[in-house]
Amino acid sequence: MIKRRRILVTSALPYANGPIHIGHLLEVIQTDIWVRFQKARGHECYYVCADDTHGTPIMLKAQADGISANTLIERINREHKRDFAEMLIDFDNFGSTNSLDNKALCERIYLNLRNAGHIEKRTIRQAYDEQAQMFLPDRYVKGECPTCGTADQYGDSCESCGATYSPADLKNAISVVSGTTPVEKESEHYFFKLSSFEEDLVMWIQSGAVQPGVARKLNEWFTQGLKDWDISRDIPYFGFEIPEAPGKYFYVWFDAPIGYLASFAELCARTSLKLEDFFKVDSCTELHHFIGKDILYFHTLFWPAILQAAGMRRPTSVHTHGFLTINGQKMSKSRGTLITARRYLERFPCEYLRYYLAAKLGSGLDDLDLNLSEFSTRLNSDIVGKLVNIASRCAGFITRSASGTMSSGEQSSGSLATRLPEPQLYAEFAAAGESIAAAYESRDTASAIREIMTLADRANQYIDQRKPWVLAKSPEKLLEVQAICTQGLNLFRALMIYLQPVLPVMATKSMHFFRETAWSWESAATPILGTRIAPYEPLATRLDPKAVAQLIDSDPIPPPLGPANMVTAIPLAAALTPVARSTSNVSDTLSAGAAAAHITIDEFMRVDLRVARVIAADLVEGADKLLRLKVNVGELGDRLILAGIRAAYDPQTLIDRLIVVVANLEPRKMRFGISEGMTLAAGPGGKDLFLLSPDSGASPGMRIK
RNA sequence: GGUGAGGUAGCUCAGCUGGUUAGAGCGUGGCACUCAUAAUGCCGAGGUCGAGGGUUCGAGUCCCUCUCUCACCA
């Protein structure tokens, strides 16, 4: 009997500023397969993850969208959960780093570090945007490379010549946020003294916690010597404020891995599990992190050091995988190869992607290529042609010539397995269970799949040799036909049990086909005999290569404006159209055509329409068409809007009225000030303009959708 | 630039601590079969294992040099 292990597993936290794409899926699918495998083996295994919600990019994206950061991350969280669920990623908990649990844990861990003397204050100089009044991360400063002069380079390194430098070295630097020239400014930051953990980290890494290739990679950093780690950021920042340090926030990479604990804490809160059992320093549970190689540094240096410094256990292992490429190329939006989970799921069964990736996933750091033509041939050949075919070709005989009952093998004696016509063949399948399990365990799923498919070939060969379709023509040989197909179906059953971690739905359907209720890994060791099967229903259908090719967005960049694209273009065009002109330009173009091409719901959702209350309305001196409106948009605060409705409305009649505004319109500088939105009105313009209003009950800030 | 990974049949890859004629799947040519979702089975073609040098009785497998590809650089 295998010793029952207690295992906690995580996948890297997806960043909450965009949708789940196929690169994320590579990681969660790999992890999910490993977790399902552990569960099938009878271990106690938990799988948690969360959204990574903090940091400057989220803060700025929310601002750009005209919504609060909280609104943004809540929306993204719902989308992420839905995508993962449809991909059959079986999280025991999926949380958010913006949770109260995480805040408490961050503070507790930070105070532990500080009280143990692992935190140090230092003054640093950093690029500062005076207009936006914020410090700028390196990636938010752009300019010419000081070494080679290439334009439009980020503040940390040059993509052209590879030079590394600091933002202050850039020539003609500008802030990406405001477009102004940044200045250097001093600020006090908090550093985690990583350097004092160097020896322990070396030992931890040598203990086998990481793959050999990763250990070699880390050596590079050790030979350079570890640098202490800046864990603080200045206000404004979306994150958690550091205790006893007003205006200072935890750097997103400090609170993100702690999010693993926080997500598990949520699971503990609704079960009898105890966080302490898994994280105390002498815990005998296992902790496994699955990550991509881009975030190696954080997980193999900072994170174990933080855990150790805070008096907790370190990870059992960190499993690092390579990147996903599409047709041999890096994923890219402009090439249309940034395939979102949604795009995939709208077209194909989730299990096909799970299988394809599983068949190519090794235990190393190599990048993995999703080749679309290979995708369909592989699925059609392996799953439909070989695997499912075994059941498909046997089931008919059992149903037709044996009234749906498998052979019981009663004519021979002995154990169940030996009552099959070819006991040795079954024994071979049963014995393979251990080496397949070893491959799964070491995350070499490609090897597991190879072995399973070799067995599938053996099963088809067996059926071919025994030719039940020939025997079935002689009534006296029907028992033999039944026995052969019973053997075939049992071989299929063993294979499906081995594939359960990869193909959970197909496996469940197969289990129901055998009229069974549960499969563990050991179920494959013993065949089932003499039972009735359910009528066979196709378990998988073939993929059309042409449809697969369309996974890539062949038209990723919107074409120039034309009648057919008019509506799609509106959000973009509107974003550049000042409010005052909205009544002439945009409404004219819209009314001109009797509707046009469809837009997707996502495209529509990009327009943030809100209910707003007019709190002040004035004439604009010198402008004969404009009114200056001050509106309250609930959680988004107050906005100043210059609206071209003077001919149609008396300002006094507007005060206190509810109207509809576009809240995420890019602010537009006009002669009379900056307009921070757009009011919605119908009509050709001039005196014939009619503002839109919600029915009573609506309140400022409500989103219109 | 530094570091890491990798270059094995048309494509995707396996080849563990060096050992008989280098493997699989897909694709391809031929044959067989017709139970099965034009599925399956059998036979074949196709590789001087990136290049050169070295160690060894023997190297795709170890060492050195070169070359190309990819990735990472807090």
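Given the structure is predicted, the values throughout are model-derived calculations rather than measurements. Keep in mind that the numbers below use all heavy atoms, side chains included, and drop hydrogens, waters and symmetry copies. Below, chain A is the first sequence line, B the second, and so on; all start at residue 1.
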Of all the nucleotides listed ([options]), which has the minimum atom distance to the side chain of [X]?
{"X": "Val388(A)", "options": "A71(B), U37(B), C35(B)", "result": "U37(B)"}
{"X": "Asp464(A)", "options": "A5(B), U37(B), G41(B)", "result": "G41(B)"}
{"X": "Ser392(A)", "options": "C26(B), U37(B), A14(B)", "result": "U37(B)"}
{"X": "Trp469(A)", "options": "G6(B), U40(B), U34(B)", "result": "U34(B)"}
{"X": "Asp367(A)", "options": "C13(B), A5(B), C70(B)", "result": "C70(B)"}
{"X": "Asp457(A)", "options": "A36(B), G25(B), G6(B)", "result": "G25(B)"}
{"X": "Lys386(A)", "options": "A36(B), U37(B), C26(B)", "result": "C26(B)"}
{"X": "Phe323(A)", "options": "G41(B), C26(B), A71(B)", "result": "A71(B)"}

Inset, instruction - Would you mind telling me which residue lines up with the more 5' stretch of RNA chain B, Lys467(A) or Asn371(A), judged by nearest nucleotide? - result: Asn371(A)
Legend entry - Gly385(A) or Arg393(A), whichever maps to the more 5' nucleotide of RNA chain B: Arg393(A)
Rounded to whole Å, how long is the line connecting atom [atom1] of [X] with atom [atom2] of [N]?
{"X": "Ile398(A)", "N": "A36(B)", "atom1": "CD1", "atom2": "C1'", "value": "14 Å"}
{"X": "Arg542(A)", "N": "U37(B)", "atom1": "CZ", "atom2": "C1'", "value": "7 Å"}
{"X": "Leu379(A)", "N": "U12(B)", "atom1": "CG", "atom2": "C1'", "value": "14 Å"}
{"X": "Arg378(A)", "N": "C13(B)", "atom1": "CZ", "atom2": "C1'", "value": "8 Å"}
{"X": "Lys360(A)", "N": "A14(B)", "atom1": "NZ", "atom2": "P", "value": "10 Å"}
{"X": "Leu372(A)", "N": "C11(B)", "atom1": "CG", "atom2": "C1'", "value": "14 Å"}
{"X": "Asp382(A)", "N": "C26(B)", "atom1": "CG", "atom2": "C1'", "value": "9 Å"}
{"X": "Ile463(A)", "N": "C35(B)", "atom1": "CD1", "atom2": "P", "value": "14 Å"}

Any Lys/Arg nitrogen of [X] or [Y] sitting under 4.0 Å from an Asp/Glu carboxylate oxygen of the other?
{"X": "Asp234(A)", "Y": "Lys185(A)", "value": "no"}
{"X": "Glu188(A)", "Y": "Lys248(A)", "value": "no"}
{"X": "Arg466(A)", "Y": "Glu422(A)", "value": "yes"}
{"X": "Asp228(A)", "Y": "Arg122(A)", "value": "yes"}

Nucleotide paired to [N] in any strand shown, Watson-Crick or G-U, under 3.5 Å:
{"N": "C42(B)", "answer": "G30(B)"}
{"N": "G18(B)", "answer": "none"}
{"N": "C35(B)", "answer": "none"}
{"N": "G52(B)", "answer": "C64(B)"}
{"N": "G47(B)", "answer": "none"}
{"N": "A24(B)", "answer": "U12(B)"}
{"N": "U69(B)", "answer": "A5(B)"}
{"N": "G58(B)", "answer": "none"}

Inset, instruction - May I ask you to check whether over 12 heavy atoms, not counting those of Glu476(A), lie within 6.0 Å of atom CD? - result: yes
What contact category does [X] fall into here, base, sugar-phosphate, or nothing, at under 4.0 angstrom with non-hydrogen atoms?
{"X": "Leu218(A)", "value": "nothing"}
{"X": "Ala391(A)", "value": "nothing"}
{"X": "Phe375(A)", "value": "nothing"}
{"X": "Pro468(A)", "value": "nothing"}

What integer number of Å spans the [atom1] atoms of [N] and [M]?
{"N": "G10(B)", "M": "G46(B)", "atom1": "C1'", "result": "9 Å"}
{"N": "U61(B)", "M": "U17(B)", "atom1": "C1'", "result": "10 Å"}
{"N": "C64(B)", "M": "G6(B)", "atom1": "P", "result": "15 Å"}
{"N": "G7(B)", "M": "C62(B)", "atom1": "P", "result": "11 Å"}
{"N": "A59(B)", "M": "G54(B)", "atom1": "C1'", "result": "12 Å"}
{"N": "U48(B)", "M": "A22(B)", "atom1": "C1'", "result": "12 Å"}
{"N": "U20(B)", "M": "C57(B)", "atom1": "C1'", "result": "14 Å"}
{"N": "G27(B)", "M": "A9(B)", "atom1": "C1'", "result": "12 Å"}

Inset, instruction - Would you please say whether a donor-acceptor pair under 3.5 Å links the side chains of Asn371(A) and Arg378(A)? - result: no
Inset, instruction - Report yes or no: does His299(A) contribute a side-chain atom to a donor-acceptor pair with the main-chain N or O of Leu296(A) at less than 3.5 Å? - result: no
Inset, instruction - Could you tell me whether the phosphate oxygens of C42(B), OP1 or OP2, come under 4.0 Å of any side-chain nitrogen or oxygen in Gln461(A)? - result: yes
Legend entry - Distance below 4.0 Å between Ser381(A) side-chain N/O and C26(B) OP1 or OP2: yes
Legend entry - Heavy-atom side-chain proximity of Ser232(A) to Tyr249(A) below 4.5 angstrom: no
